[in-house]
Amino acid sequence: MTSSLHNKIIGVVGKKNFLVSDKEKTPYTTGWRTKSGECEFVALPNSLIDMWTVLKLCIENNKYILMQAANTSLTGGSTPNGKYDKGLVIINTTKLKTIIPINNGHQVLAFPGSTLYDLEKKVKPYNRAPHSEIGSSCIGASVVGGVCNNSGGALIKRGPAYTELSLFASVNKEGNIELHNKLGIELGKSPEEILKNLDNQNFNEENIKNSNFKASSTDYKNIIKDTNADTPARYNADKRRLYDASGCSGKLAVFAVRLDTFEKESEEKTIYYSTNNPEDLTILRKKIINEIEELPIYAEYMHNNAYKVSKKYGKDAYYLIYFLGTSSMPFFYKTKSKLESFFKNSKFFSDKTLDLLLNAFVSVLPNQMSKLFDALNEKFEHHLILKCDKKIFDEILKVSKNIFNEDNKNNLLVCSTKESKKLTLNRFVFAGASARCANISKNANPELLPLDVALKRNDDNWFHDIPLELKKDVLQTLTVAHFFCLVFHREYVIKIGKNNNKVKDKLLRWFDEIGAKYPAEHNVGHMYEADDNLRNFYKKLDPNNIFNPGIGKTSKSLVKKKF
């Protein structure tokens with residue numbers, strides 16, 4: 001039976017796109033911060049119709065299915081986790097990169113393997129921009145993956161990835177696969193006709209229907225503007241963001257999404273704020289949001305410890321992006337994953353070897369940050385990188401100078417284009433840098449404890465550190481944030497010998513006490529427990545628990561057991 005299925009899949013995708021050896025599967029079964037789990041094989045279809053055929057074969061042969069694109073999940077939601085009671089297969093969609101601009105570039109159709117980098121290039125001729133240009137943490141992230149995971153990103157005005165217009169397959173209660181065309185585009189009747197027409201772009205503007213369904217988070221500006229609200233601006237289990245493909249966490253097989261694009265800002269200006277008094281940033285945030293009609297583009301908080309860690313441990317990624325652009329990073333991380341597998345399986349090396357080698361190599365390169373930024377980071381604890389359109393720059397500067405006006409107490413710097421790029425990149429490489437910091441620190445557990453938390457919009461105590469009783473377990477706390485929506489990435493380097501899971505449980509209880517929600521934008525993966533909203537949503541989408549079983553610490557078995 002197994003060999004028969006394998007031969008049929010090979011007949012669809014070709015032998016080179018059917019991966020069965022552990023060496024071949026490793027880049028697909030191992031996450032950025034997670035270990036590998038069981039996987040029978042990986043299939044990489046070349047077209048939407050091939051993806052449909054592979055799906056049908058796997059369902060007919062009683063397999064669990066894990067849909068995967070760029071595999072940039074920080075919580076393990078796009079990789080297998082441990083063992084399963086029957087075969088799990090990965091269908092990787094990275095060959096399905098098509099992006100089709102529609103409505104004169106005001107919207108796009110994105111196939112499941114398309115990336116944010118591809119999308120940015122595709123809509124540039126229309127002077128438009130995507131909902132997220134490079135993401136906040138994940139290099140090479142996919143467009144559909146962002147929608148499925150409610151990814152938020154750093155761009156304030158555009159909100160988290162969201163659409164109500166998608167084309168997806170589900171498995172009904174009877175165990176039969178169904179295709180649902182909710183794109184608002186006439187593509188035919190049968191699944192095969194629909195998918196072939198989309199593969200061949202066999203439709204025109206007359207087939208595209210105006211729709212009242214949303215293709216972006218159109219309400220997000222009003223949500224951000226309500227700074228007195230006693231709830232977070234966004235988080236993964238928010239009912240407002242759970243709709244078909246949006247927030248599905250891989251409980252559907254998504255073939256395409258229809259998304260809004262955004263008018264590109266005419267000219268960006270960047271201001272860098274530094275202070276030892278976090279209340280300065282609290283006042284700044286509220287005044288800009290409440291007193292200026294338009295929102296800034298970007299407002300990223302960085303604690304001085306996070307700045308140092310990014311600078312020291314993210315130097316290789318920084319230089320690659322600075323000189324080669326974000327398009328180089330997927331290849332870099334895929335190669336890194338293969339090398340890590342080699343070192344892991346070697347008798348002479350350890351899991352730390354590659355990170356130690358990379359860090360030693362880049363340590364001899366010139367300092368990537370200017371002496372001015374290093375000096376500010378030594379003098380001040382809290383920093384904010386704010387980008388805005390030229391149209392509101394004068395208003396923001398006027399508000400800012402009423403708060404940041406004494407050189408000895410705080411600092412305001414209007415940045416050049418080069419300075420802005422350096423600051424942004426140092427913030428951008430933080431996720432990988434913090435993981436490396438934990439891995440190679442002598443007194444730390446090698447696995448980082450990263451928490452993705454949304455604070456209440458009226459929480460003026462956002463800077464409060466963990467309780468004293470928890471500090472005895474933590475070697476270092478590293479904090480960055482999407483500051484205007486108070487979404488914080490708090491990365492904990494845990495002392496060697498302490499149990500990460502026990503520390504995590506204590507930390508999450510503390511976040512519960514202060515009214516925070518988690519995860520905020522990286523999805524539950526296999527790290528967080530899905531709440532009742534998410535569990536019910538997953539069960540509605542996937543009543544038999546065929547897709548991505550175990551997500552959010554749900555059952556890994558069929559629905560005979562508790563979901």
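No experiment lies behind these values; they were computed from the predicted model shown.
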Tell me whether [X] is salt-bridged to [Y], with the criterion being a basic N under 4.0 Å from an acidic carboxylate O.
X      : Y      : answer
Glu293 : Lys221 : yes
Glu263 : Arg128 : no
Lys189 : Glu193 : no
Glu300 : Arg427 : yes
Asp244 : Lys182 : yes
Arg535 : Glu529 : yes

Under 3.5 Å, is there a donor-acceptor pair linking the side chains of [X] and [Y]?
X      : Y      : value
Tyr162 : Arg240 : no
Asn545 : Lys251 : yes
Tyr538 : Ser249 : yes
Asn228 : Asn458 : no
Ser151 : Asn149 : no
Tyr518 : Asp512 : yes
Thr53  : Asp50  : no

Using the ring of each side chain (for Trp, its six-membered ring), is [X] parallel, tilted or perpendicular to [Y], with breaks at 30° and 60°?
X      : Y      : answer
Tyr272 : His383 : parallel
Phe488 : Phe483 : perpendicular
Phe168 : His180 : parallel

>> My understanding is that only residues two or more places apart in sequence, or in another chain, count here; which of them pass side-chain hydrogen bond (donor to acceptor under 3.5 Å, both in side chains) with Glu178?
In response: Asn172
Tell me every residue that passes salt bridge (Lys or Arg N to Asp or Glu O under 4.0 Å) with [X], counting only those two or more places apart in sequence or in another chain.
X      : result
Arg285 : none
Lys398 : none
Asp460 : Lys286

Within a radius of less than 6.0 Å around [atom1] of [X], do more than 12 heavy atoms belonging to other residues, nucleotides or ligands occur?
X      : atom1 : result
Lys97  : NZ    : yes
Lys196 : NZ    : no
Lys239 : NZ    : no
Lys173 : NZ    : no
Glu291 : CD    : yes
Glu174 : CD    : yes
Asn204 : CG    : yes

Would you find a donor on one side and an acceptor on the other, under 3.5 Å apart, between the side chain of [X] and the backbone of [Y]?
X      : Y      : value
Arg457 : Thr231 : yes
Thr261 : Gly105 : yes
Asn523 : Gly525 : yes
Tyr117 : Ser114 : no
Gln107 : Asn103 : no

>> Just to verify, what does Thr270 make a side chain to side chain contact (heavy atoms under 4.5 Å, CB included) with, not counting sequence neighbours?
In response: Ile385, Lys387, Cys415, Ser420
> Residues two or more places apart in sequence or in another chain: which of them pass side chain to side chain contact (heavy atoms under 4.5 Å, CB included) with Asn212?
Replying inline: none
>> Assess the residue pair Leu66 and Ile91 against the criterion (side chain to side chain contact (heavy atoms under 4.5 Å, CB included)); give the C-alpha distance rounded to whole Å, side-chain angles, the decisive distance to 0.1 Å, and a yes or no.
In response: CA-CA 6 Å; Leu66 196 160; Ile91 301 176; over 6 Å; no
> Can you tell which of Leu109, Ile49, Leu55 makes a side-chain contact (heavy atoms from CB on, under 4.5 Å) with Phe255?
Replying inline: Leu55
>> Using the rule salt bridge (charged side-chain N to carboxylate O under 4.0 Å, His left out), only one of Lys390, Lys391, Lys157 pairs with Glu265; which is it?
In response: Lys157
> What distance separates Thr163 OG1 from Leu183 CG, expressed to the nearest 0.5 Å?
Replying inline: 8.5 Å
> Would the His131 and Phe262 ring centres measure less than 6.0 Å apart?
Replying inline: no
> Could you walk me through whether Leu259 and Val147 pass the side chain to side chain contact (heavy atoms under 4.5 Å, CB included) check?
Replying inline: CA-CA 10 Å; Leu259 292 169; Val147 171; 4.0 Å; yes
